[in-house]
Structures are given as structure tokens and as C-alpha cells.
Amino acid sequence: MMAAVTIKKKKNKFSEAPVFTEKKDYRPEGVKETGLAFVGHEISEDRTTMNQFLHYDQLYTIRHGWNSKFFIGLLDGKIMGTRCPKCGDSWVPVRTHCWNLDCNLEKTEWVEMPLTAKVHTWTVAGWSGRSSLKRLPIILVYAVVGNSKVAIANELHGLKPWDVEFGMPLKIVFKPKEQRIGAVTDFHFEPADGWKPSPMNKEKERIKKLVEPVYEWVKTLK
Amino acid sequence: MSRKVCIIGGATTPFDYGPTGFESIEGGAAECVKETQQDVPEFSLRDLDLMIYSHFSVHFGHQLAPEWIIHDHLGLVGLPHYRVENGGNTGGSALYAAALAVMSGHHDVVGIVGWETMDTVSQSQGSEFIAMASDIRYELMVGGIYPIYYAAMANKWMKENKVSEEDVATIAAKNKNNAMDNPKAQWYRNDHKYITVDDVMNSRLISYPIKKYDRSLMSRGVAFLVVCSEKYAKKVNPNHYVTVDGMGLSSCTIRAGDRLNNPGWKERYGPGYPEMTEFAACRNSAEQAYKMAGIKDPVKDIDFGEIHDAFSTSEAQIYKALGLADQTNIAQFIRDERTSMHGDIPMNPGGGLLGYGHPVGATGLMSTIECYYQLVGMIPQKHLSRKTEVPNPECGIVNSHAGTGTSISNFILRRH
């Protein structure tokens, strides 16, 4: 028979909890957590069909944990990447462990990346998710920051949508410090200083034709 | 030696969007089962020994574990059940899971119910919900929704492969026009019109080069499929069953930008692939399926397919990933209309996601069911005419696709 084991209540946790001292609230007006609530219904004229309206609004905590340095870097106007000390590959977006199987999940080290990038591919959006509709049209690019092995998506500002080009050089521009929230929306791309668009061509004319109605449509949004 | 996997029948509800009065998901599942029983009178719910549920987003469904409601409703309490979720490849992954269950010999008759209710929120909110399957820390709020990610990938792919906007527009018109022969297709039920390449070119910009008619439809729909051993197939539907002769499942990065120099792909296919343009998981899973089914030359050996045309551009990219064409001839392959009903390898005769609709959890099952109907000769009774019937097919491919190409499965089905 097994001997009884007394489990003592542990005073300390296995790891120290961080002490959070800097707190910021940038909640837009009218956003509140109401939890779950039935807020209305409708019934068809012949009373055979009913729709009910359920409202669900919940606050999530995204715990950035070991990735935190990237997001804190954004607040400081920096693009932080990671680099594998074994194979030397670096990345933005970051990886906290190297994914090259030869490196066997080696822990990566943080490196500050240059605020320059190059367009890998691009699109011009005339439609988007609910919270982005008013910003349309949006030029979205996947761009390679510094010597990153991967491309990161973000918006490209500062040029006509039809002028974006593959391979064009970019600079990373941050919002003013007081407007930053520690999210990727704190920065966007702009053409590098001195870059000039190429002359209009058939494809540019086509994109212009597709985009012009989008400007008009956005004006009609409340 | 693993056992042969068969499909003996299945059905979908009509795919729709907005109020129609028959939105009940568990009711829809019951109707799919009943239609299957009309086609296969010997099939009884009592024969099932496992249920797999195929459903993508509880955000749309506002109910956790909604499969439990369906399971109770079908009277299957006591039967083992679980849910498979794998983004847009949920249906394909559920079929993969069912096939594994039968192959292993542990289960004989597996039912799959798949569904999605994407009309519970507004279209733009729906787009945002789906985009929550992208990496929300890096992509969600930078204007990013899936059509935009796909557009960025397709834009580069089209230039590198000399495929034009008009070329992909022919794919959009083909699938939507095929859907006009399919009474359950959302395009038939809602938009209900034949369209031309010009209509596609003139439709509203979604994200260059993708326009409104180049994209699939947000849908509500349910599907049911029966996957089983050959012994059971021979017992209940000896003249109308198909065998799953090959299957493959593969993965790629969640963020499309991460696949530029991926060590895993470099090891498999050498440097510079898949770039941000090719669906490597499609190529890889197709290779697995072809090997298993003994497919040497897909264009010759496969008669038709039901593939994941979330966008007209992705259907073109999938042709290449499936090995139907390469960089030298993909544009000509499309221009020669090889995949239309009069071509040598029709794709999406059922309308595809562009025409039939895309209720995510039901989509891969819908593709499988359409493929099954073609192979067993049921198109005349399921479609409105024989215009969308593939003549005497023996071998079909089913393709199911998730994320930005993040999970992709392929299946080779053969007429018994």
C-alpha cells in the first residue's frame, strides 16, 4: 500500500508574476462589455418564423508574453525583430524560437531592425472588414523589413493607389508617440525619400478606374 | 494493409444567405439525412458507428459545441462524436478524419455533418470574423481580410505566370454559370443570372485584381456525407458507391509573408518555393493523393474536379498546384477552356464556392457530394439538366483549402 503524502500549500508560484505599472486606456467611446444579452426579436407576419438578437461584447486580454518586446518596441517607435544565434536568420514578424528544424527550436535573440523595407507584393483594397471600411481604398503591401527572412503586411501611404510597384523601397513611419497603442497599426509604410512613381500605363489606368468609385462610396458611409 | 474507404451517399441543404424561414441547423441536418435515405433506402442511422462534425466558427454560430445540438436532434445519443475544425479546409479535414477511422478498421460507417451560418452578422463583420483566423496580432487590423491577402498573393502570381484579369474572370463566369444548373446553389437561388467575362471585369473592386464576381459567397448551409467500409457499401448501395483511392493533407504558414524562405519547404522542394504565390500545401497534398491512387498524369488520369475556388484567382493557382499546368502553359490552359464543361477536365461543374456557395464547415463536403453525384451518374436527378454532367467520369478530385493556403487536402475518388 502506498504511503500517504501530505501536499503542502505552496507559498510561491512557479514563476514571478510581472508587476504592471504602466497602464493605458484608449477605449473608443461607446465600447463597453455588456456580456450576453438578448436585445430584441422579430416575428414573421404568419407567425411561423422568429429571429432573436443576441448581443455579445467581451473584453479579451491578449497576453503577448515572450513576444512583448515587439509590441513595446512599437510604442517606442522601433521595429524589433528576432535572430537565431545558430543559423543567423532573422524575422519580423518575430519568432521566439527558430523554426529551422536543424536549430531544434533554439531560443532567438532580440535585434532592432532598420526602419527601411522593400515591397514584396501588393494589392489595392476597395473592401474590407467593418472597422476598416472608412479608410478605403487601402494599399496593402507585404514588405521585407531589413534583412528579415519573411515579409510583414501593412498599409502603404503617401502615393496614389495605382502607383504602387513591386520591389519599391519603403520607409517605416510611426504615428506620433501619444497616438501609439503598441499594435502594428502604430506604423505604416511610405515610399522611401526620393522615390518617384513610374509614368501611367495600362495597368495603372485600370486600377485607377476600379478605385475611383471606392472614393465616392466611402463618402456615403456614416 | 489498410481497408478501402467508400462513400455511399450524401446531400446538402440549399445554400443561401439571409432569411428564408428554414434556418434551423439541426433541422437542415435532418433533411440532408432524409435526402440521403431517399437515394440510399438501405442506409439507416442505426448503422452509423461514429459521427464527425465539420464546423469552422462558433463566432458565427453563437453557440459553443453546437454539434451536440445536432447530434441529439438526429437521435444519435450514445454514438461517439467529435468536431473537426481546420479553417476553410474543415470539410476536407473531416473527410480525412472519417477516412482514417474507416481505414483503421476501428469504425465501419461514419457520418459527417458540416455547416456554417455566416448570415448571423453583417457581411463586413463576417469578413472580419473570418479574418480572425489570420494572425490577429500582425494582420487583422492593418486593413486585412482574406480577400486582401489572397489578392496580394494572386497579383504577384498572375504577373509571374502571365495570367490576366480576363483569364481569371473566365473562371468566375464559368463557375457561376455552372451554378445556374444547380437548384441548391446560392448563385441560382439568389443572384440567378448568367454572367459574362465583361460582367466580372465591371464588378466592384474588392482588392485588385479581385472583384466582386471573382469571390465566393458567404453562405448558410448544411451537408451530410456517409463514409464507410467497402463491405458496408456493397451491402447498402452496391451500384452507386465510390472509393476514396487517394488522399493527402498538408500545411503552410498562417501568415502568407512567412513562406518566402521557409526551411520546411526548402527541404522538400528547394529554395524559392512556394514564394508568396504558390499553394505548396496543395501541391504537397496532391502529390500524396496521386501517389496513393496511382495517378501518374493528373490531366489524363483525372476526369473532373470539385475544387476550392474561394476566388477565381485561387482556382487558377490551384490548377498549377495540382500539376494540371506549369508556368509555361498555365495561361494557355485557362484560355483553352480546358476546365469548362466542354473541356477535357471540367472543374466545378456543381458551381464551386463561387456559385454553389461557401458555408465553410459544409463546403468541402459539398464538393465531395457533387463529385460523388458525378461519379455515380446522379447528376440528371440532382441538377436541372445534363449540361453540367461530366460524360461518363471514372475519376474525380476533391480539393479543400484553408487560411491563405494554410491547410489543404486533396482526395481522389473513383467510380466503383
Side-chain angles (χ1 to χ4, degrees), chain A residues 36 42 44 48-49 51 54 56 62 64 67 70-71 87 89 91 93 95 98-103 120-133 135-144 148-155 161-162 166 183-185 188 206-207 210-211 213-214 217, chain B residues 19-23 62 120-131 134-145 147-157 159 165 201 204-212 215 253 255-264 266-267 275-277:
Chain A
L36 287 160
E42 61 189 9
S44 63
T48 60
T49 308
N51 293 331
L54 175 68
Y56 179 39
I62 302 175
H64 285 306
N67 294 296
F70 174 78
F71 299 97
C87 70
D89 283 1
W91 306 274
R95 328 197 70 82
C98 183
W99 68 350
N100 185 337
L101 296 182
D102 290 336
C103 299
H120 188 77
T121 188
W122 55 270
T123 181
V124 177
W127 173 254
S128 188
R130 197 174 131 189
S131 42
S132 304
L133 291 177
R135 288 183 292 124
L136 294 172
I138 292 168
I139 310 171
L140 187 99
V141 297
Y142 280 87
V144 174
S148 169
K149 284 281 180 183
V150 297
I152 186 168
N154 214 322
E155 291 177 25
W162 44 90
F166 290 99
V184 282
T185 46
H188 62 261
R206 168 70 178 154
I207 297 172
L210 285 167
V211 164
V214 178
W217 177 74
Chain B
T20 49
F22 51 83
E23 287 91 350
H62 51 72
T120 50
V121 295
S122 70
Q123 287 255 358
S124 59
Q125 183 61 66
S127 296
E128 218 160 69
F129 274 173
I130 299 168
S134 68
D135 187 334
I136 64 154
R137 299 167 304 172
Y138 293 101
E139 297 192 321
L140 178 63
M141 299 309 278
V142 289
I145 54 168
I148 302 180
Y149 311 142
Y150 271 87
M153 292 188 287
N155 191 17
K156 193 163 193 283
W157 183 88
K159 288 197 171 61
E165 248 189 289
M201 292 295 285
R204 166 195 214 293
L205 177 69
I206 298 298
S207 196
Y208 181 78
I210 292 171
K211 297 159 298 294
K212 187 179 173 187
R215 64 164 186 187
T253 57
R255 298 183 301 249
D258 275 16
R259 57 190 71 150
L260 296 187
N261 295 285
N262 178 269
K266 201 171 8 178
E267 212 170 295
E275 233 282 336
M276 250 192 80
T277 47

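Excluded from the calculations below are hydrogen atoms, water molecules and symmetry mates; all remaining heavy atoms, backbone and side chain alike, are included.
The two residues B:Val142 and A:Leu140 make their nearest non-hydrogen contact at O-CD1, 2.9 Å. Here the closest non-hydrogen pair linking A:Ala125 and B:Ser207 is CA-OG, 3.4 Å. Among all heavy-atom pairs drawn from B:Lys156 and A:His120, the shortest one is CE-O, 3.2 Å. In terms of heavy atoms, B:Arg204 sits closest to A:Gly126 at NH1-O, 2.9 Å. Minimum heavy-atom separation, B:Tyr208 to A:Arg206: CE1-CG, 4.4 Å.
There is no contact between B:Lys212 and chain A, counting heavy-atom distances below 4.5 Å. In this structure, chain B has heavy atoms under 4.5 Å from both the backbone and the side chain of A:Pro93. For chain B, no part of A:Ala183 is nearby; none of its heavy atoms comes within less than 4.5 Å. In this structure, chain B has no heavy atom under 4.5 Å from any part of A:His188. Neither the backbone nor the side chain of B:Ala131 comes within contact range of chain A, judged by heavy atoms closer than 4.5 Å. Heavy atoms of A:Val141 lying under 4.5 Å from chain B are absent altogether. Proximity to chain B (any heavy atom under 4.5 Å) is restricted, for A:Leu133, to the side chain, taken from C-beta onward. Of the atoms belonging to A:Leu210, heavy atoms from both backbone and side chain fall under 4.5 Å from chain B. Of the two parts of A:Trp91, neither the backbone nor the side chain holds a non-hydrogen atom closer than 4.5 Å to a non-hydrogen atom of chain B. Heavy atoms of B:Ser127 lying under 4.5 Å from chain A belong exclusively to its side chain. Interface residue A:Asn67: only side-chain heavy atoms are found under 4.5 Å from chain B. Only the side chain of B:Ile136 comes within less than 4.5 Å of a heavy atom in chain A; its backbone stays farther off.
A:Val150 is not listed as a side-chain neighbour of B:Thr253, based on a closest heavy-atom distance of 4.5 Å or more. Counting only heavy atoms from C-beta outward, the side chains of A:Thr121 and B:Met153 never approach each other to under 4.5 Å. For the pair A:Trp99 and B:Asn262, the minimum side-chain heavy-atom distance is below 4.5 Å. Side-chain atoms of B:Ile145 and A:Trp127, non-hydrogen and from C-beta on, do get closer than 4.5 Å to each other.
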**Message:** As a quick check of understanding, evaluate side chain to side chain contact (heavy atoms under 4.5 Å, CB included) for A:Tyr142 and B:Glu139, giving each step before the final call.
**Reply:** CA-CA 10 Å; A:Tyr142 280 87; B:Glu139 297 192 321; 3.6 Å; yes
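Annotation: maximal heavy-atom pairing with chain A below 4.5 Å, among B:Arg259, B:Arg255, B:Lys266, occurs at B:Arg255. The choice from B:Glu275, B:Glu128, B:Gln125 that makes the most heavy-atom pairs within less than 4.5 Å of chain A is B:Glu128. Most heavy-atom pairs under 4.5 Å with chain B: of the set A:Asp89, A:Thr48, A:Thr123, this distinction falls to A:Thr123. With respect to chain B, the highest number of heavy-atom pairs below 4.5 Å among A:Thr49, A:Thr185, A:Val214, A:Val184 belongs to A:Val184.
Note that CD1 of A:Ile152 and CG of B:Asp135 are 9.5 Å apart. Values are rounded to the nearest 0.5 Å. Note: A:Glu155 CD to B:Ile148 CD1 = 8.5 Å, rounded to the nearest 0.5 Å. How far CG of B:Leu205 is from CG of A:Leu136: 9.0 Å, rounded to the nearest 0.5 Å.
Contact check on A:Lys149 versus B:Asp258 returns no salt bridge, with no Lys/Arg side-chain nitrogen under 4.0 Å from an Asp/Glu carboxylate oxygen.
For B:Lys159, the side-chain hydrogen bond (donor to acceptor under 3.5 Å, both in side chains) partners are A:Glu203, B:Asn155, not counting sequence neighbours.
Taking a 6.0 Å sphere around CD of B:Glu267, one finds it holds 12 or fewer heavy atoms contributed by other residues, nucleotides or ligands.
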